[in-house]
Amino acid sequence: MAKNLVIVESPAKAKTIEGFLGKEFLVKSSFGHVMDLSKKNLGVDIENDFVPNYEISTEKKKVVTELKKLASEAEVIWLASDEDREGEAISWHLTNALKLDEAKTKRIVFHEITKNAIQNAIENPRSIDKNLVDAQQARRVLDRLVGFELSPLLWKKVKPALSAGRVQSVAVRLIVEREEEIKNFKTESNFRVTALFNIQNAKGRSKLSAEVPTRFKSKEEALEFIRKCKEAGFSVKSVETKPAKKSPAAPFTTSTLQQEASRKLGYSVANTMRVAQQLYESGKITYMRTDSVNLSNLAMGMAQDEITSLYGENYVQTRKYKTKAKGAQEAHEAIRPTYLNNRDIDGDASQKKLYELIWKRTIASQMSDAILEKTNVTIDVSTAKKDFFAKGEIVKFDGFLKVYMESKDDENADEMAGVLPPVKNGDILNRLEIRGEERFTQHPPRYTEASLVRKMEELGIGRPSTYAPTISTIQKREYVIKEDRDGVNRKYHCIILKDEEIKDELKTEKTGFEKSKLFPTDIGTLVNKFLIQYFDNILDYNFTASVEKEFDEIAGGKKVWNEMIREFYGPFHNQIEDTLEKAKKFSGEKLLGVDPVSGKNIFVKIGRYGPLAQMGETDTDDKPKFAGLKKGQSIETVTLEEVLELFKFPRQVGAYEEEEMTVAIGRFGPYVLHKKKFYSLGKEDDPVDITPERAVEIIEEKRKKEVENTIKEFEQDVKVLKGRFGPYISIKKKNFKIPKDVNPEELTLEECLKIAEDPKNTPKKRYVRKKK
DNA sequence: CAGTGAGCGAGCTTCCGCTTGACTT
């Protein structure tokens with residue numbers, strides 16, 4: 001029996017550490033928090049100093065039982081959860097849940113998983129820092145109070161099953177406000193004049209491209225300048241060179257890994273985390289949920305060796321990076337390969353790609369600066385005051401650029417200047433072509449998942465472990481949708497001077513194309529408007545920062561946690577009560593126009609099931625007619641014509657097999673109804689003008705699929721079917737799983753009925769959210 | 001998945017952070 005029980009948060013970490021500690025130590029994991037506020041109710045006793053009602057989380061009962069048993073058998077229990085607010089609380093909850101004897105219990109912390117660090121920790125135990133625990137309790141209780149009082153208010157005033165919280169509501173706000181900025185953005189155009197020159201000097205003949213650094217406000221101004229260029233002579237007025245350097249980016253944190261994997265590999269935030277988890281579990285990288293840019297001395301040594309052997313000593317420049325993130329807790333190392341001499345790994349393609357990215361970023365972070373030389377050439381135009389400029393950049397020493405270059409969100413923000421041909425003062429240039437192109441100002445970019453994470457980190461909102469879940473929550477609640485949008489064609493003017501001729505052309509370019517961007521939905525916009533109107537203090541971008549400051553004071557022993565909560569809750573709860581009383585139902589109703597046939601008003605608004613159109617008033621005797629908006633339509637942009645189309649459903653499209661086919665638009669999109677069965681229309685089908693032939697085709701397609709998915713069919717209501725999770729038995733629309741040792745091909749009717757009777761094969765009545 | 005929408009009212013939804021598998025129709 002082991003004398004010592006060490007408890008860490010993650011099982012992968014437990015495995016590693018056990019190797020360092022030897023036989024006397026058993027290392028186990030708590031799998032994160034084991035206790036949390038009661039899920040059934042508020043979980044906080046408002047009347048009684050906000051005493052939290054903690055429960056052992058249902059999914060943690062098993063591990064708690066096991067740890068309790070092991071703890072009772074051990075002589076010393078070492079609580080080795082992370083050294084941050086949450087980690088301290090985990091240790092404290094463990095002492096309570098496992099009923100640990102204080103005399104036998106020691107709290108230890110380490111920042112890196114090395115033998116030295118861990119042995120050092122064992123030699124320097126401490127006790128649980130109750131102030132830090134209290135800071136966590138304040139954080140937890142505040143989030144619960146905000147979430148569980150705001151959400152029910154939304155159910156009453158806006159729509160059921162909505163949610164609000166300190167983090168998610170601000171994330172939605174960012175996206176809604178960015179969309180407003182874009183809507184209000186006035187595009188302006190100006191003219192950019194560029195030139196291509198021929199240059200002949202002692203060093204030979206070459207080409208040089210240059211541009212006028214200031215833009216021309218109008219076509220006339222650009223044209224006037226280009227006319228002058230037609231008669232002008234061009235010569236080099238000055239050549240300036242100056243040294244410059246570039247430094248590598250810091251090693252990855254969760255947030256920067258998500259951003260780079262998104263830009264360079266096109267991964268979603270959730271995908272990045274899934275793949276990183278796999279790499280972590282197989283021991284290939286260090287922990288992937290971290291806000292630290294710090295590398296251990298061990299890692300820096302490994303990097304130094306690897307860089308020396310691959311590129312030579314002059315490429316090594318070890319560096320310690322400092323975090324810039326607000327509220328960083330730095331309980332872990334930066335994300336890096338466990339062994340830096342492994343340049344590639346075994347694994348699937350996505351693991352290999354992500355690993356390579358992490359390897360490059362880590363190695364580059366310990367490499368020399370790149371030494372550059374920047375050159376600016378000014379070209380005089382003999383007939384005009386304005387000059388042309390050419391910018392060049394040469395790499396004198398590549399340094400870290402040999403391995404890795406961080407990418408940017410805005411691809412054309414910083415165009416890499418190329419290499420310039422050799423030029424000197426007084427060189428004469430011959431113009432080949434001069435162009436004046438109309439350019440447009442651009443609205444601020446929409447957020448991607450990854451750029452939203454970066455913004456949240458900048459505001460100190462959310463933690464590495466919650467970035468991905470938060471982004472998924474706001475999409476699940478349908479506050480925000482991630483999608484592509486087609487661009488539109490835009491005409492622009494282009495003036496070209498070639499030889500002695502000036503041409504004015506009208507060209508076309510595609511603009512506004514969006515790929516995997518976050519757009520607010522009608523519901524997101526409405527909920528945000530409601531929250532801003534009544535709870536601007538909670539939605540304030542600085543709310544988290546200001547409560548964090550108070551949590552720090554609690555952690556420092558300068559404040560008592562439930563007094564802080566009391567000061568917050570009093571006014572907050574009054575706000576809730578006030579809003580409950582004063583705010584009317586918030587539906588975002590908008591009068592769109594009048595139905596030309598009936599003369600009734602047509603409104604659009606948010607209903608119980610989402611955006612809808614309404615014909616007629618609700619407060620008259622005549623019942624109004626309703627129609628849900630189609631997917632992709634929005635209250636903001638839908639037109640009267642489009643809404644009138646919606647009221648044409650359900651419509652008959654003809655008969656098939658002597659029964660009517662009806663097309664309508666339901667909760668899950670347009671469908672054909674035939675013999676009481678539903679057939680969803682395809683993406684390319686337009687329900688307005690679908691032909692009877694196409695409707696029949698859709699019906700037949702689905703029937704064919706059903707046949708393909710049927711393994712066996714007994715009586716009409718007893719079937720063995722192929723599903724998403726393998727074969728199953730369907731009896732009168734109820735589904736039953738097939739035991740593993742049964743071959744579904746060989747099932748008989750009696751066996752099926754018998755399986756259906758066995759209670760362990762019946763589907764669990766688990767609550768499943770209807771929203772995807 | 002299920003094809004609604006007024007109003008009535010029962011009974012449901014909900015937060016953030018720390019961790020992974022078990023399980024789904």
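Keep in mind that this is a model prediction, so the values were computed, not measured. Just so we're on the same page: letters track the sequence lines, and every chain starts at 1.
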Could you tell me the separation between the [atom1] atom of [X] and the [atom2] atom of [N], rounded to a whole number of Å?
X	N	atom1	atom2	answer
A:I474	B:dC15	CD1	P	12 Å
A:K159	B:dA6	NZ	P	13 Å
A:E9	B:dG17	CD	P	15 Å
A:K585	B:dG5	NZ	P	14 Å
A:L42	B:dT13	CG	C1'	15 Å
A:K157	B:dT14	NZ	C1'	18 Å
A:K60	B:dG17	NZ	C1'	10 Å
A:M273	B:dG17	CE	P	14 Å

Would you indicate what [X] reaches in the nucleic acid, counting non-hydrogen atoms under 4.0 angstrom: base, sugar-phosphate, or nothing?
X	value
A:V167	sugar-phosphate
A:E59	nothing
A:S163	sugar-phosphate
A:R140	base
A:P11	sugar-phosphate
A:G462	sugar-phosphate
A:R463	sugar-phosphate
A:F649	nothing
A:G666	base
A:G616	nothing

Point to revise | Separation between the P atoms of B:dA2 and B:dT25, rounded to whole Å | key: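 That atom pair is separated by 12 Å.
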Point to revise | B:dC1 versus B:dT24 - spacing of their P atoms, nearest Å | key: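 So the two P atoms sit 15 Å from each other.
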**Study point:** Ring centroids of A:F148 and B:dT14 base under 5.5 Å with planes under 30°
**Key:**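 Answer is yes, a stack.
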Check your understanding: Hey, is A:W155 doing a stacking thing with B:dT13, by the 5.5 Å centroid and 30° angle criteria?
Key ->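 One would call A:W155 stacked on the B:dT13 base.
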Short side-chain N/O contact from [X] to OP1 or OP2 of [N], under 4.0 Å:
X	N	answer
A:Q614	B:dG5	no
A:R289	B:dT20	yes
A:Q136	B:dG17	no
A:R166	B:dT14	no
A:S10	B:dT20	yes

For the residue pair [X] and [Y], establish whether any side-chain heavy-atom pair is separated by less than 4.5 Å.
X	Y	value
A:L174	A:Y541	yes
A:E66	A:K28	yes
A:D291	A:E330	yes
A:Y280	A:K13	yes

Review point. Take atom NZ in A:K590; do more than 12 heavy atoms of anything else shown fall under 6.0 Å from it?
Key: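 Yes - once you tally the heavy atoms of other residues, nucleotides and ligands closer than 6.0 Å, there are more than 12.
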**Study point:** Of A:D84, A:D82, A:T290, the residue whose pairing with A:H332 passes side chain to side chain donor-acceptor pair (under 3.5 Å)
**Key:**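 Passing option: A:D82.
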Exercise for review: Please name the residue in the list A:R139, A:R140, A:Q329, A:R463 that meets the side chain to side chain donor-acceptor pair (under 3.5 Å) test with A:E86.
Suggested key: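 Only one of A:R139, A:R140, A:Q329, A:R463 forms a side chain to side chain donor-acceptor pair (under 3.5 Å) with A:E86, namely A:R139.
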**Study point:** Upstream residue (5' side of DNA chain B) when A:H332 and A:A164 are each assigned their closest nucleotide
**Key:**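 Nearer the 5' end of the strand: A:A164.
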Point to revise | 5' priority, DNA chain B, between A:S151 and A:S465 [closest heavy atom] | key: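 Looking at DNA chain B, the more 5' nearest nucleotide goes with A:S151.
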Check your understanding: Got a donor-acceptor pair under 3.5 Å from the side chain of A:R139 to the base of B:dC16?
Key ->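 When only heavy-atom distances are counted, A:R139 does reach the base of B:dC16 through a donor-acceptor pair under 3.5 Å.
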Nucleotide nearest [X] when distance is taken to its side chain, options [options]:
X	options	answer
A:H33	B:dG21, B:dG17, B:dT14	B:dG17
A:A161	B:dT13, B:dC18, B:dC15	B:dT13
A:R477	B:dC15, B:dC18, B:dA6	B:dC15

